[in-house]
Amino acid sequence: MKLATWNVNSLKVRLPQVLDWLAANPVDALCLQELKLDQDKFPLQAFTDIGYHADWAGQKTYNGVAILSKVAGTEIVKNIPGFEDHQQRVIATTLPYGESTIRVISAYCPNGQSLDSDKYQYKLGWYAAFKAWLAEEIKQHERVAVLGDYNVAPADEDVHDPAKWVGQVLVSEPEREAFRELINLGLTDSFRLFEQAPKSFSWWDYRMNGFKRNAGVRIDHVLLSKVLVPHCTACIIDKAPRANEQPSDHTPVVATLV
DNA sequence: ATGGTGGGGAACCCA
């Protein structure tokens, strides 16, 4: 089974690239973030045409998440239950996995803007609610895969120039602690299960030739619950789409489970 | 040096 995540930064603009990518990378599930389109503007037909089901939580202008899957999911949940949030950042589904099932979650964690911003406080509060909900999800579903844009680079090795990033969002200690708290629920950053090239990143700023200089950060992750870890045989960042014309600023991350 | 690029949507907000 292959699971992937991709922050597409507008599904409207990136739809042809997503279709191309799926044709070349026929994953079982693709989690999308930053759809940036209203619920009724989702291009469902384009995905059904290529054999994918879709569940999504859209909103006008910002945010929005989806899960494309070869098999229709069940127990769809949108948003974090009990957490008042006008921003569409979470969707969950249950998919078949061998003789059992796997809970797959697509998450677009808040960016936070800057450490002195209200959005940073929102981010930390959001993470607390996300953690509490994930704890419940892990209780109810032994096999859980949480994919998405976490907007946190967990360690300095996930940052092109850690010294330049001191004091910025994505790397601050409270954010990293919030991410570690997810890990402490019994989740594993599947990318670090394997030997990886140094300077492996999933996001590069559009500005200042970020991608050409490999001035990126690794903020898109595939987290796996304990029982899934021995089943994970690979986790890779596919840099190819970032080199497309009109690319998203993020690139896909793909985990393989057996 | 507080820029720069890109998406949304129609002046700025967000990343």
Side-chain angles (χ1 to χ4, degrees), chain A residues 5-21 30-43 46 56-66 79 84-91 106-127 130 147-154 158-172 174-176 178-179 201-221 237 239-253:
Chain A
T5 182
W6 192 4
N7 178 325
V8 291
N9 185 22
S10 170
L11 184 56
K12 183 182 166 189
V13 172
R14 235 63 71 186
L15 178 60
Q17 294 181 44
V18 174
L19 296 173
D20 286 351
W21 190 83
L30 173 58
C31 296
L32 300 174
Q33 300 87 36
E34 278 204 270
L35 308 181
K36 290 186 170 178
L37 42 78
D38 216 339
Q39 183 69 7
D40 61 4
K41 297 283 200 300
F42 187 87
W56 67 96
Q59 71 178 95
K60 195 171 153 66
T61 312
Y62 300 124
N63 310 307
V65 287
N79 299 308
E84 179 74 22
D85 192 358
H86 299 292
Q87 307 186 12
Q88 299 291 337
R89 296 184 173 278
V90 165
I91 189 164
S106 177
Y108 174 45
C109 306
N111 172 280
Q113 195 164 64
S114 63
L115 301 206
D116 59 358
S117 168
D118 290 345
K119 297 188 183 70
Y120 183 76
Q121 295 308 319
Y122 165 71
K123 180 178 193 172
L124 296 179
W126 190 94
Y127 253 93
F130 189 47
L147 300 90
D149 174 3
Y150 289 77
N151 269 311
V152 174
D158 302 310
V159 181
H160 68 97
D161 186 347
K164 268 191 187 165
W165 278 76
V166 171
Q168 310 263 1
V169 282
L170 314 187
V171 306
S172 75
E175 292 167 80
R176 284 178 167 172
F179 183 82
F201 307 125
S202 67
W203 174 87
W204 299 261
D205 203 309
Y206 285 123
R207 295 165 288 191
M208 308 296 288
N209 287 314
F211 184 60
K212 268 185 193 161
R213 297 186 295 119
N214 197 31
V217 291
R218 190 176 69 93
I219 56 177
D220 301 271
H221 310 298
I237 294 173
K239 283 173 75 169
R242 188 60 178 79
N244 288 347
E245 294 285 325
Q246 266 198 300
S248 168
D249 43 357
H250 296 252
T251 212
V253 183

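We name chains A, B, ... by the order of the sequence lines, and we start the count at 1 in each one. Keep in mind that the numbers below use all heavy atoms, side chains included, and drop hydrogens, waters and symmetry copies.
- For the pair A/I219 CD1 and B/dA15 P, the interatomic distance rounds to 11 Å; values are reported in whole Å.
- For the P atom pair drawn from B/dT5 and B/dG9, the interatomic distance equals 22 Å after rounding to whole Å.
- Atoms CG (A/D205) and P (B/dG6) sit 10 Å apart, rounded to a whole Å.
- For B/dA15, neither phosphate oxygen OP1 nor OP2 lies less than 4.0 angstrom from any side-chain nitrogen or oxygen of A/R207.
- Taking atom P on both nucleotides, B/dC13 is separated from B/dG3 by 14 Å, rounded to a whole Å.
- Here, B/dA1 and B/dC12 have their P atoms 27 Å apart, quoted to the whole Å.
- Shown here for A/H160 and A/N214, the closest heavy-atom pair between the two residues is CB-O, 3.7 Å.
- Within 6.0 Å of atom CG in A/D118, 12 or fewer heavy atoms from other residues, nucleotides or ligands are found, so the atom counts as exposed in its surroundings.
- Sequence order on DNA chain B of the closest nucleotides to A/K36 and A/N63 puts A/K36 first from the 5' end.
- Where A/Q87 and A/L35 meet DNA chain B, the nucleotide closest to each residue was compared, and A/L35 sits on the side nearer the 5' end.
- Rounded to an integer number of Å, the gap from CD of A/E34 to P of B/dG9 is 13 Å.
- For A/Q39 against A/G58, the heavy-atom pair with the smallest separation is OE1-N, 2.6 Å.
- Put simply, CZ on A/R89 is 6 Å from P on B/dA15, counting in whole angstrom units.
- Counting non-hydrogen atoms under 4.0 angstrom, A/F211 reaches nothing in the nucleic acid.
- Contact annotation: the side chain of A/N7 never approaches that of A/S202 to less than 4.5 Å [non-hydrogen atoms, C-beta and beyond].
- Taking 4.0 angstrom as the limit, A/K119 places none of its side-chain polar atoms (N or O) nearer than this to OP1 or OP2 of B/dA15.
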